Amino acid sequence: MVDTKDFLNLEPSLSNPFGKFSDIDDFCAQNVVHIDKKLFIDLHQLSIGPLLSEGPYSLVYEGLYKSMPVAIKIIQPDRSANVSPERKEKFQREVLLLSKVKHDNIVKFIGASMEPAMMLVTELMRGGTLQKYLWSIRPHCPDLKLSLSFALGISRAMEYLHAIGIIHRDLKPSNLLLTEDKTKVKLADFGLAREEADSEMTTEAGAYRWMAPEMFSIDPIKIGVKKYYNHKVDVYSFSMVLWELLTNSTPFKGRSNIMVAYATATKLRPSMDNIPREIEPLLSSCWAEDPADRPEFEQISDFIANILRNVCTSETTSPNLFEMENPTSKE
Ligand code: ADP
């Protein structure tokens, strides 16, 4: 572990050891999204350890904050060696939204810093991403009980977010993190999340394989038609994650982004082969073309909890054990 100021190669001064801003209010006033001073971490108490992940937008390190293991996401400058206004805004939104949420299946916010580097500190999830976990056990799938328990955790996190008016817009296995024992999942990466009341949304967000059909701005079928979307885009993404948990395959594997867009727009969906019969109605309602036909996460959680109860009370997962309501029938 190294001290943050050594890591960032700072010239400390007694009055202002970390930032170039002498007054933090000065600094807060310069931001697009208002971030409360209470959310800032005490950089003296942060030390930085090994690199966990390197991406185009951020570097994520393991570290310690007040002796507690944490993950530290540091936003990368772009080619001009500056953090672009878009990146800065994305980061500020992530800090703002993550600091507002508190749920057992959402990664816990610890604090943030804007200067001398944009850093987001969260609880450390030692189990890594759900994506890496799935890759590590291929060609096998997690057992049905574990898949359903992950799916229930994700659904409960989404249910909570939607209840407080937040759309995640980037739900996929690489944004889901596991506890060290790999039994519990937590939602992370709020960089694309938005408050639903903010505005009517039309811009593309997220990765094509998990993106709802109404989100594609390049719609190969209806060129130039801009469609508005709402929180039901997360339900579509959830269907892809659930399908991956049950098959341990990648949706639209081997297709390029444009082919995925075309497939999604022409109502093509991943195969139901190998999907337990009782879960088929859940999948087909969650990836329905019309967002209004997709269930709310509250219904999804009930549906999965019901199946999970049946799986837990029986040694066998024989299909005739399940008698489930179609999740769309409640609407
Ligand atoms: P980006 O917005 O740059 O994609 P993410 O928030 O998705 O950044 O984080 C990138 C990667 O860093 C994740 O896929 C994961 O491997 C790792 N990571 C992020 N947060 C944590 C955490 N709290 N605990 C452990 N690893 C994390």
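Note that this is a predicted model, so its numbers are computed, not measured.
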- Task: Show your working on side chain to side chain contact (heavy atoms under 4.5 Å, CB included) between Leu282 and Leu242 and close with a plain yes or no.
- Result: CA-CA 10 Å; Leu282 176 66; Leu242 177 60; 3.6 Å; yes

- Message: One pair to check against side chain to side chain contact (heavy atoms under 4.5 Å, CB included): Tyr236 and Trp210. What are the steps and the verdict?
- Response: CA-CA 7 Å; Tyr236 179 92; Trp210 295 269; 6.0 Å; no

Is there a side-chain contact between [X] and [Y], using heavy atoms and a 4.5 Å cut-off?
| X | Y | value |
| --- | --- | --- |
| Val241 | Pro173 | yes |
| Ile74 | Ile48 | yes |
| Glu289 | Pro213 | yes |
| Leu187 | Leu176 | yes |
| Ile75 | Leu59 | no |
| Asn274 | Cys141 | no |
| Thr122 | Val70 | no |
| Val107 | Leu124 | no |

Over all atoms of both residues, closest heavy-atom pair of [X] and [Y]:
| X | Y | result |
| --- | --- | --- |
| Phe150 | Tyr133 | CE1-CE2, 4.1 Å |
| Ala263 | Phe252 | CB-CE2, 4.0 Å |
| Ser301 | Glu159 | OG-OE1, 2.6 Å |
| Thr250 | Trp243 | C-CZ3, 3.6 Å |
| Gly206 | Asp170 | CA-OD1, 3.4 Å |
| Gly63 | Ile72 | CA-CD1, 3.8 Å |

Are the side chain of [X] and the backbone N or O of [Y] linked by a donor-acceptor pair below 3.5 Å?
| X | Y | result |
| --- | --- | --- |
| Asp234 | Arg169 | yes |
| Lys232 | Pro291 | yes |
| Asn257 | Tyr208 | no |
| Ser155 | Leu152 | no |
| Arg269 | Thr264 | yes |
| Ser113 | Ala117 | yes |
| Tyr65 | Gly111 | no |
| Ser237 | Val233 | yes |
| Arg294 | Val235 | no |
| Tyr160 | Lys102 | yes |

- Query: How are the rings of Phe190 and His168 set relative to one another: parallel (under 30°), tilted (30 to 60°) or perpendicular (over 60°)?
  - Reply: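 If you compare the ring of Phe190 with that of His168, the planes turn out perpendicular.
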
Lys/Arg-Asp/Glu bridge criterion (N-O < 4.0 Å) met for [X], [Y]:
| X | Y | value |
| --- | --- | --- |
| Arg156 | Glu298 | no |
| Lys172 | Glu244 | no |
| Lys184 | Asp104 | yes |

- Task: In sequence, state the C-alpha distance, the side-chain angles, and the governing distance for Met114 and Phe40, and then conclude on side chain to side chain contact (heavy atoms under 4.5 Å, CB included).
- Result: CA-CA 8 Å; Met114 296 294 293; Phe40 286 83; 3.5 Å; yes

- Query: Under the salt bridge (Lys or Arg N to Asp or Glu O under 4.0 Å) test, which residues partner Lys145, sequence neighbours left out?
  - Reply: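 Result, salt bridge (Lys or Arg N to Asp or Glu O under 4.0 Å) vs Lys145: none returned.
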
- Message: I'd like to check the salt bridge (Lys or Arg N to Asp or Glu O under 4.0 Å) partners of Lys73; sequence neighbours left out, ordered by chain and number.
- Response: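 Salt bridge (Lys or Arg N to Asp or Glu O under 4.0 Å) check on Lys73 returns Glu94, Asp189.
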
Using a distance-only test with no angle check, is there a side-chain donor-acceptor pair under 3.5 angstrom linking [X] and [Y]?
| X | Y | value |
| --- | --- | --- |
| Asp302 | Gln299 | no |
| Ser58 | Gln76 | no |
| Arg138 | Asn248 | yes |
| Glu196 | His162 | no |

Can you tell me how far the [atom1] atom of [X] sits from the [atom2] atom of [Y], to the nearest 0.5 Å?
| X | Y | atom1 | atom2 | answer |
| --- | --- | --- | --- | --- |
| Asp273 | Thr247 | CG | OG1 | 10.5 Å |
| Thr179 | Glu123 | OG1 | CD | 9.5 Å |
| Met158 | Ile106 | CE | CD1 | 8.0 Å |
| Ile164 | His103 | CD1 | NE2 | 9.5 Å |
| Leu268 | Trp287 | CG | CH2 | 10.0 Å |
| Ile110 | Leu120 | CD1 | CG | 9.5 Å |

- Item | Same apolar cluster (I L V M F W Y, side chains within < 4.5 Å links), Leu177/Leu97 |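 Same cluster.
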
- Message: Within a 6.0 Å radius of atom CG on Asp143, are there more than 12 heavy atoms belonging to other residues, nucleotides or ligands?
- Response: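 Correct, the count exceeds 12.
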
- Query: Yes or no on side chain to side chain contact (heavy atoms under 4.5 Å, CB included) for Met125 and Lys186, after CA distance, side-chain angles and deciding distance?
  - Reply: CA-CA 9 Å; Met125 297 292 291; Lys186 297 198 186 195; 3.6 Å; yes

